[in-house]
Amino acid sequence: MGVAELEFDLDVFSGPFDLLLTLVLREEVDLRELSLAEVVVGYIDHLETRGELDLEATTEFIVLIAALLELKSRLLLPGEEIDELLELEPNEAAEELLARMLEARRYRLAATHLGELLAAAPAVRYREAPLPLELRRADLDDAPAGVWDPAGLGKAIAGLLVRPPQLDLSHVLVARVSVSERISHLRQLLRQAVELSFDDVVSGADRMTVAVTVFALLELYKRGELSWDQAEPFGEITVRAMSRPSAGTRA
Amino acid sequence: MSSELARTLEALLFLSSDPLSAEELAEATGAGDLDIAGALAELQQTFAPGARGLLLREVAGGYTLASDPLAEDAARALLGRTRHSALTPAQLETLAIVAYLQPVSRPEIARIRGVNAESPVATLLDRSLISESGRSEFGAVLYTTTSLFLKVFDLRSLEDLPDPSQWDATADEAGELRDRLLAAGEHRAGTTLE
Amino acid sequence: MSSELARTLEALLFLSSDPLSAEELAEATGAGDLDIAGALAELQQTFAPGARGLLLREVAGGYTLASDPLAEDAARALLGRTRHSALTPAQLETLAIVAYLQPVSRPEIARIRGVNAESPVATLLDRSLISESGRSEFGAVLYTTTSLFLKVFDLRSLEDLPDPSQWDATADEAGELRDRLLAAGEHRAGTTLE
């Protein structure tokens with residue numbers, strides 16, 4: 001069964017996924033009110049009932065849900081930040097999204113064609129043996145002198161020294177708060193309490209600070225300093241200290 | 001008993017891991033084009049299907065020897081692996097993008113697929129279906145398909161791949177999708193959020 | 001026209017890079033020892049010296065196909081040309097890293113390039129442009145360039161390697177070349193992340 005026929009029973013919609021997509025695109029279902037987490041959970045339930053992973057359907061689902069997430073995140077951002085985040089007019093954004101969907105479709109179908117070619121190729125095998133030693137060995141005496149220009153080596157090293165241009169992210173993110181700042185904030189709070197509610201950590205903070213705090217949370221999780229629990233989507237997030245830096249080694 | 005030139009060509013085809021064109025064979029042996037054509041015709045006959053355990057195949061821009069499908073079961077038993085275990089949809093999609101857009105970088109593949117391409121690229125490299133070919137202006141490694149790719153997919157050249165535009169949505173389909181997206185966009189633009 | 005078993009054995013011998021014993025051939029084909037012996041005798045005749053471009057050789061451990069020495073000059077001409085054909089960008093990068101930083105390990109080359117270096121290192125070893133020289137303190141094989149490398153690049157010594165600062169001003173910055181290459185490599189890996 002493809003992703004399209006997958007049935008959902010959500011707060012704002014019940015029916016197959018392809019209909020949901022159509023309605024979202026026609027704005028008959030408000031994406032802002034649609035719980036994408038519910039859609040994902042529904043899909044995971046569906047996977048569990050089936051007991052097997054259909055990679056193709058899953059890939060399709062991930063691409064679609066990613067497109068929905070991107071659309072939704074654009075919708076949810078306050079008006080002035082849209083300009084800062086993406087200097088795209090709504091119709092430009094739609095064109096871009098359209099182009100991307102069509103391009104992805106082209107190569108998905110090309111891949112299907114390649115799969116058919118592979119299946120239809122004759123059952124022959126090719127030899128993959130190394131050359132016999134006497135032909136492989138390059139002899140110092142036989143080697144032609146000066147066939148290659150040493151400048152090529154210098155250029156190659158110079159090329160490796162070049163740092164690619166730093167992506168200019170200034171238009172994307174106006175840094176009002178930094179991850180490291182949020183990390184120290186979290187560490188400080190975790191020194192005072194073993195367990196925290198994420199809502200308390202970010203109470204009164206603006207949207208950007210909340211987002212950056214999530215990054216800080218991920219970073220500290222990666223470093224093994226904390227873990228968290230969330231019983232259900234949109235439920236409360238409980239942050240827990242894993243190992244407190246001991247007072248002796250780290251002040 | 002084959003002619004000396006046909007015997008030499010047979011040995012060269014046996015040694016080379018890449019298919020060899022008539023020009024390459026002529027250059028290596030110093031023989032004229034006509035003689036090469038004659039010797040190749042001789043080999044075509046020697047390796048006619050059903051005659052021997054090997055076949056002379058024209059693939060990937062040249063001639064190459066391959067095992068007869070007759071030996072496939074025994075070869076699998078001996079070498080302990082399938083000819084080319086089926087590629088996953090992600091690997092095929094990545095391969096399709098490389099085949100059509102080469103040379104192409106991993107970030108570009110990821111952009112088109114909408115998901116990270118690290119793992120399929122690594123597998124395709126590992127199986128020698130794609131290889132590195134220089135760097136983009138931003139320093140990302142570029143990839144192209146290999147002659148093994150052509151061999152495995154039984155293609156004479158990349159030109160044998162069909163024009164990918166045949167898979168594009170029709171103008172009507174694309175137009176309809178565009179209208180929907182634009183309607184959504186206009187609606188959004190008119191909405192004051194919070 | 002050979003028997004089916006002889007054809008299958010021919011294909012197996014063609015595919016295997018190592019000699020195959022009669023037992024291995026029997027196991028892969030499921031044929032009895034006598035049949036294998038008969039089919040091998042048939043192949044001995046097919047590949048009698050002077051008959052074809054390949055010879056059936058009996059070596060320690062079994063049977064193997066080899067190219068007839070008749071083709072050796074042509075093979076040298078063919079493969080010598082590829083041996084001295086231009087290096088691919090990946091090979092040139094790898095060779096440059098070994099030349100400027102030697103001795104250097106493969107993981108270090110991979111860190112600088114931002115991609116796996118297995119295949120270019122293997123080719124450079126095969127072409128005798130680099131060779132193994134000991135191990136790092138972490139047990140990784142270290143590579144250095146060879147005297148053949150100096151000869152084909154017409155360098156009297158490694159001191160004669162060109163100064164990269166003429167192509168890139170940053171090469172003039174203070175600091176060890178190795179450190180700067182590693183830093184740039186990490187930077188590159190960071191920006192090509194998807």
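Predicted model, so just to flag it, every value in this text is computed and none were measured. Within every chain, numbering begins at 1; the chains are lettered A, B, ... in the order of the sequence lines, protein sequences first and strands thereafter.
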Exercise for review: Among the options A:A129, A:P150, A:A145, A:G152, pick out the one with the most heavy-atom pairs lying under 4.5 Å from chain C.
Suggested key: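 Sorted descending by pairs with chain C, the first entry is A:P150.
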Heavy-atom distance under 4.5 Å to chain A: side chain of [X], backbone, both or neither?
X	value
C:L161	side chain
C:F14	both
C:L129	side chain
C:L92	both
C:L13	backbone

Review point. When you look at CD of C:Q102, are more than 12 heavy atoms from neighbouring residues, nucleotides or ligands closer to it than 6.0 Å?
Key: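 Correct, the count exceeds 12.
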Check your understanding: Quick one: of C:L87, C:D18, C:L182, C:L150, who has the most non-hydrogen atom pairs under 4.5 Å with chain A?
Key -> C:L87
Check your understanding: When heavy-atom pairs shorter than 4.5 Å are enumerated against chain A, which of C:T146, C:L15, C:D160, C:D154 gives the highest number?
Key ->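 Most heavy-atom pairs under 4.5 Å with chain A: C:L15.
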**Study point:** Heavy-atom check, side chain of A:I157 versus side chain of C:W167, under 4.5 Å
**Key:** no
Check your understanding: Does C:E42 reach the side chain of C:L9, with side-chain heavy atoms less than 4.5 Å apart?
Key ->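 A side-chain contact under 4.5 Å is absent here.
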**Study point:** Check: C:R180 side chain, A:L161 main-chain N or O, donor-acceptor pair, under 3.5 Å
**Key:** no
Check your understanding: Hey, does the side chain of C:S16 reach the backbone of C:L12 with a donor-acceptor pair shorter than 3.5 angstrom?
Key ->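 Not at all, since once roles are kept as given, no pair shorter than 3.5 Å links the two residues.
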Check your understanding: When rounded to the nearest 0.5 angstrom, what is the spacing between CG in A:L217 and CZ in A:R182?
Key ->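 The distance works out to 11.0 Å.
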